[in-house]
Peer 1: 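Mind having a look at this structure? Questions to follow.
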Amino acid sequence: MTGKPASQSQVIMTELVLPNDTNQLGNLLGGRLMHWIDIAAALAAQRHSGKVCVTASVDEISFHEPIKLGHVVHIQAVITRAFRTSMEVQVTVEREDPLHNSRARTSSAFLTFVAIDQYGKPLPAPPVIPETDDERRRYEQAAMRREVRLRSRAAMEGTHP
Ligand SMILES: CC(C)(COP(=O)(O)OP(=O)(O)OC[C@H]1O[C@@H](n2cnc3c(N)ncnc32)[C@H](O)[C@@H]1OP(=O)(O)O)[C@@H](O)C(=O)NCCC(=O)NCCS
């Protein structure tokens, strides 16, 4: 199967935090942000594979600082590596305060997606071609993260990896 450059899958999603996205403190709801992260990552996986993709897992997500009502949220998603049928996507989140011209990274996460056919059967994923030093580093580290993920999954399910 022909490989595709990592950069071709890149997705940048921009959202404005509106009242319906916030809690009583005027902060963006974590669940809303997780929804946006999932959508952006799914689009990157679909762009890479050219197929419908489902979320297989979401690694730990931390929220480093609150995102407030009226802030702009920039969600960037890019494929780091494809394995047999699974694809790892890295998502980074930045919040922009448009009135004070400030911008800061608030979250990052790794998600795993699988492209499926009409019967829900996993399909092979095209290899990822890393082109920059950053992409090569993320590509190498993806193998370690996968190992940890599979071990943790096996431990949770009481099976051996
Ligand atoms: C993800 C899914 C397609 C995997 O199907 P499966 O029949 O278990 O297939 P396999 O066991 O062959 O796994 C396929 C790939 O997914 C990976 N995978 C499966 N579960 C995983 C998990 N929890 N975390 C990370 N990777 C996972 C496997 O390691 C395998 O990767 P590889 O082919 O690159 O080696 C299937 O479990 C599914 O449809 N899940 C529901 C997805 C969904 O609805 N998501 C939305 C949330 S409700």
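In listed order, ligands and their atoms are each counted from 1.
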Peer 1: Give yes or no for whether the N/O distance cutoff of 3.5 Å, strictly under, is met between T55 and ligand 1.
Peer 2: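 N/O-N/O distance under 3.5 Å: yes.
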Peer 1: Could you check whether any heavy atom of K121 sits closer than 4.0 Å to an atom of ligand 1, since that is the contact criterion I want to use?
Peer 2: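 For ligand 1, residue contact (heavy atoms, under 4.0 Å) with K121 is absent.
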Peer 1: Using a cut-off of 6.0 Å, state whether more than 12 heavy atoms not belonging to E60 lie near its atom CD.
Peer 2: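 No, CD of E60 has 12 or fewer neighbouring heavy atoms, counting only those of other groups under 6.0 Å.
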Peer 1: Indicate whether atom 48 (S) of ligand 1 is within a distance of less than 4.0 angstrom of some protein heavy atom.
Peer 2: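 No, there is none.
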Peer 1: Output yes when a protein non-hydrogen atom is found under 4.0 Å of atom 25 (C) of ligand 1, and no otherwise.
Peer 2: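 At least one protein heavy atom is under 4.0 Å away.
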Peer 1: Please report whether atom 44 (O) of ligand 1 has a protein non-hydrogen atom at a separation of less than 4.0 Å.
Peer 2: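 False for atom 44 (O) of ligand 1.
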Peer 1: Are T55 and D38 close enough that a side-chain donor and a side-chain acceptor fall under 3.5 Å?
Peer 2: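 The answer is yes; a qualifying pair exists.
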Peer 1: Going through the distances and angles, do T22 and N27 end up as a side chain to side chain donor-acceptor pair (under 3.5 Å)?
Peer 2: CA-CA 5 Å; T22 62; N27 296 339; over 6 Å; no
Peer 1: Is there at least one protein heavy-atom neighbour under 4.0 Å from atom 36 (C) of ligand 1?
Peer 2: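 It does not: no protein heavy atom is found less than 4.0 Å away from atom 36 (C) of ligand 1.
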Peer 1: Does some non-hydrogen atom of the protein lie less than 4.0 angstrom from atom 5 (O) of ligand 1?
Peer 2: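 So far as the 4.0 Å threshold goes, atom 5 (O) of ligand 1 is in reach of a protein heavy atom.
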Peer 1: Return yes when at least one protein heavy atom is under 4.0 Å from atom 19 (C) of ligand 1, and no when none is.
Peer 2: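 Given the 4.0 Å limit, the answer for atom 19 (C) of ligand 1 is yes, a protein heavy atom qualifies.
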Peer 1: Regarding E88 and T80, is there a side-chain donor-to-acceptor distance under 3.5 Å anywhere?
Peer 2: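 A donor-acceptor contact under 3.5 Å links the two side chains.
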Peer 1: Would you check, one step at a time, whether the test side-chain contact (heavy atoms from CB on, under 4.5 Å) holds for R153 with S57?
Peer 2: CA-CA 10 Å; R153 185 177 152 213; S57 70; over 6 Å; no
Peer 1: Indicate the atoms forming the closest heavy-atom contact of V89 with A77, along with that distance.
Peer 2: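 Result for this residue pair: CG1-CB, 4.0 Å.
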Peer 1: Would you check if E65 and F63 make a side-chain contact, meaning some heavy-atom pair closer than 4.5 Å?
Peer 2: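 The answer is no; the side chains never approach within 4.5 Å.
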Peer 1: Are any non-hydrogen protein atoms located under 4.0 Å from atom 12 (O) of ligand 1?
Peer 2: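 Under 4.0 Å from atom 12 (O) of ligand 1, at least one protein heavy atom found.
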Peer 1: Any protein heavy atom under 4.0 Å from atom 40 (N) of ligand 1?
Peer 2: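 Looking at atom 40 (N) of ligand 1, one finds that no protein heavy atom lies closer than 4.0 Å.
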